[in-house]
Enquirer: 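Next up is a structure, given as structure tokens.
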Amino acid sequence: MAKAFSGIQPTGQIQLGNYIGALRNWRPDPGSYYCVVDLHSLSQTWEPAELRANIRSTAALLQALGLGEGSHVFVQSHVHEHAELAWVLNCLGRMGELSRMTQFKSKGRGKADVSVGLFTYPLLMASDILLYSVQEVPVGEDQKQHVELTRDIAERFNSRFGPVFTVPQPRIAEVGARVMSLRNPAEKMSKSDPDPNSKILLSDSDEAIQKKIMTAVTDSGREVAYDPAEKPGVSNLLEIASTLCGEPIEALAARYRDQGYGAFKRGVAEIVVEAVRPLREQVKELLSDPAAIERTLEEGRAAAEREARPMLDRVKQAVGLL
Ligand code: ATP
Ligand code: LTN
């Protein structure tokens, strides 16, 4: 069984793309770690009270998905080895390779107040992964480049200092790895999109979900068909529905082909509502029992530390700090 590590930022509210592209593919296997990467959330402006609340609600969601049993759920800043290894990797990463990261280019472009943290953040992500000697990193398509950088850094470290790190692979789903914005199907659905109608939140009510799907941008014509180049809006809705209900895209497209966009969207909305409702309700219930969340996070922190501490010591030995 492959060990996995993945992380999600407690920045804003979790959206459907996070669930379909990442969370849905996180398996509760022993030896796997799933992390609320709160230090990453400091790479862009934040509100302390909001961050504090989002750390809890994100942890509750991971617990609702069953990831606290079997695998481990913890908060990044509770295990200081992440920040410490990140410094060492900051001294091995190169300006050139970090400058090529498309996420930095898109989030930092044209902004005068871009933090140094946003630039070096892929090396903190590499530290997260490499501390746990995992084979797999289940992520959405947008994080593939960061996992590839992690591989490069691990190989560079191993060839200079000896075989310390396991070189991980990204695990990216075939369908749903890039869920697009409901308002602009040329852009990915994103937590940080200021337009609330661009994204479905896992905390959205049934009515809000219905409204957002019914007003999603579709394409010219009226035939329901899967064609991401010519019909990106309809194709995005087909991918969302197919991943959530398990029916192949072709079967869904065939069912709605001649029924028009209205009937198609009603069908998609029903599928999304049914998928989101149990998660929303479980998270709400868990949030009313903060002690249960604390217990899960404490167990996760202890398990994570048992791996991270000796790994950091091996790194320190290898580079000459010990
Ligand atoms: P933002 O876009 O505001 O920076 P985010 O929504 O991408 O944030 P992250 O915490 O950075 O959120 O991502 C958590 C996981 O969700 C990552 O594995 C990422 O690849 C995945 N993910 C995020 N958005 C999408 C999407 N639209 N489609 C598929 N996967 C996604
Ligand atoms: N950078 C990721 C979040 C993240 C992550 C990780 C994902 C931080 N550390 C380690 C996988 C493994 C993002 O989604 N923005």
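Every number for a ligand or one of its atoms is a count from 1 in the order of the listing. All values reported here derive from a predicted model rather than from experimental measurement.
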Enquirer: Who's the nearest protein heavy-atom neighbour of atom 3 (O) of ligand 1, and how far?
Expert: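 That would be S192 OG, 2.6 Å.
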Enquirer: I want to confirm something. Looking only at heavy atoms, which of T58, V179, N236 is nearest to atom 27 (N) of ligand 1?
Expert: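 Answer by nearest heavy atom: V179.
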Enquirer: Considering the options N25, D142, V139, which one meets the side-chain contact (heavy atoms from CB on, under 4.5 Å) requirement together with I172?
Expert: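 Of the listed residues N25, D142, V139, the side-chain contact (heavy atoms from CB on, under 4.5 Å) partner of I172 is V139.
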Enquirer: Would you mind finding which of K188, K191, Q44 brings a heavy atom closest to atom 7 (O) of ligand 1?
Expert: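 Selected option, by shortest heavy-atom distance: K188.
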Enquirer: Is it true that, when you exclude Q135 itself, more than 12 heavy atoms of the residues, nucleotides or ligands shown sit nearer than 6.0 Å to its CD?
Expert: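 Count over threshold, so yes.
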Enquirer: If you measure from the Lys or Arg side-chain nitrogens to the Asp or Glu carboxylate oxygens, is any gap between R301 and E305 under 4.0 Å?
Expert: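 Looking at E305 together with R301, the answer is yes, because their closest N to O distance falls below 4.0 Å.
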Enquirer: Do any N/O atoms on S6 end up under 3.5 angstrom from N/O atoms on ligand 2?
Expert: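 Between S6 and ligand 2, no N or O pair is found under 3.5 Å apart.
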Enquirer: I want to know if ligand 2 touches H146 in the polar sense, i.e. an N/O pair below 3.5 angstrom.
Expert: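 No; the residue has no nitrogen or oxygen that sits under 3.5 Å from a nitrogen or oxygen of the ligand.
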Enquirer: Can you check which of L16, I172, N18 brings a heavy atom nearest to atom 23 (C) of ligand 1?
Expert: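 Ranked by closest heavy atom to atom 23 (C) of ligand 1, first place is N18.
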Enquirer: If you have a sec, work out which protein heavy atom is nearest atom 15 (C) of ligand 1 and how many Å separate them, to one decimal?
Expert: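 Answer for atom 15 (C) of ligand 1: A22 CB, 3.6 Å.
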Enquirer: Could you tell me whether D142 approaches ligand 2 through its side chain, its backbone, both or neither, with non-hydrogen atoms closer than 4.0 Å?
Expert: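 Contact part for D142 vs ligand 2: neither.
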Enquirer: Looking only at protein heavy atoms, identify the closest one to atom 11 (O) of ligand 1 and say how far it is in Å.
Expert: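 For atom 11 (O) of ligand 1, the nearest protein heavy atom comes out as Q9 NE2, 3.5 Å.
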Enquirer: In the protein, what heavy atom is nearest to atom 19 (C) of ligand 1, and what distance, to one decimal place, separates them?
Expert: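 For atom 19 (C) of ligand 1, the nearest protein heavy atom is D142 OD1, 3.3 Å.
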Enquirer: Mind checking whether I129 contacts ligand 2 via backbone (N, CA, C, O), side chain (CB onward), both or neither, at a 4.0 Å heavy-atom cut-off?
Expert: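 Side chain only.
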Enquirer: What protein heavy atom sits nearest atom 17 (C) of ligand 1, and how far away is it?
Expert: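 Of the protein heavy atoms, Q143 CG, 3.9 Å lies nearest.
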Enquirer: For atom 6 (O) of ligand 1, what's the nearest protein heavy-atom neighbour? Residue, atom name and distance, please.
Expert: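 So the nearest neighbour among protein heavy atoms is Q15 NE2, 2.9 Å.
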Enquirer: At a non-hydrogen distance cut-off of under 4.0 Å, which region of V137 contacts ligand 2 (side chain, backbone, both, or neither)?
Expert: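 Looking at V137 and ligand 2, just side chain atoms fall under 4.0 Å.
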Enquirer: Atoms of ligand 1 less than 4.0 Å from G140 heavy atoms?
Expert: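 Those qualifying, in numeric order: 18 (O), 19 (C), 20 (O), 30 (N).
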Enquirer: Test of understanding: given a 4.0 Å heavy-atom threshold, classify the contact between Q76 and ligand 2 as side chain, backbone, both, or neither.
Expert: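 Near ligand 2, Q76 shows nothing, with every heavy atom at 4.0 Å or more.
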Enquirer: Considering only protein heavy atoms, which is closest to atom 1 (P) of ligand 1, and at what distance to one decimal place?
Expert: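 The closest heavy atom on the protein side is S190 OG, 3.3 Å.
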Enquirer: Please write down residue, atom name and distance for the protein heavy atom closest to atom 6 (C) of ligand 2.
Expert: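 Answer, as residue, atom name and distance: M125 CG, 3.5 Å.
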Enquirer: Please identify each residue that fulfils side chain to side chain contact (heavy atoms under 4.5 Å, CB included) with K107, with sequence neighbours left out.
Expert: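 Listed in chain order: Q44, Q103, L118.
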Enquirer: How close does the nearest protein non-hydrogen atom get to atom 4 (O) of ligand 1, and which residue and atom is it?
Expert: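 So the nearest neighbour among protein heavy atoms is K107 NZ, 2.3 Å.
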Enquirer: If you count every heavy atom of other residues, nucleotides or ligands that lies below 6.0 Å from K3 atom NZ, does the total exceed 12?
Expert: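 More than 12 heavy atoms, drawn from other residues, nucleotides or ligands, come within 6.0 Å of this atom.
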Enquirer: Any luck finding a side-chain donor-acceptor pair between T11 and S41 under 3.5 Å?
Expert: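 Note: T11 and S41 side chains meet the donor-acceptor criterion.
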Enquirer: Hey, which atoms in ligand 1 end up nearer than 4.0 Å to a heavy atom of V139?
Expert: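 Within the 4.0 Å cut-off of V139, ligand 1 contributes 18 (O).
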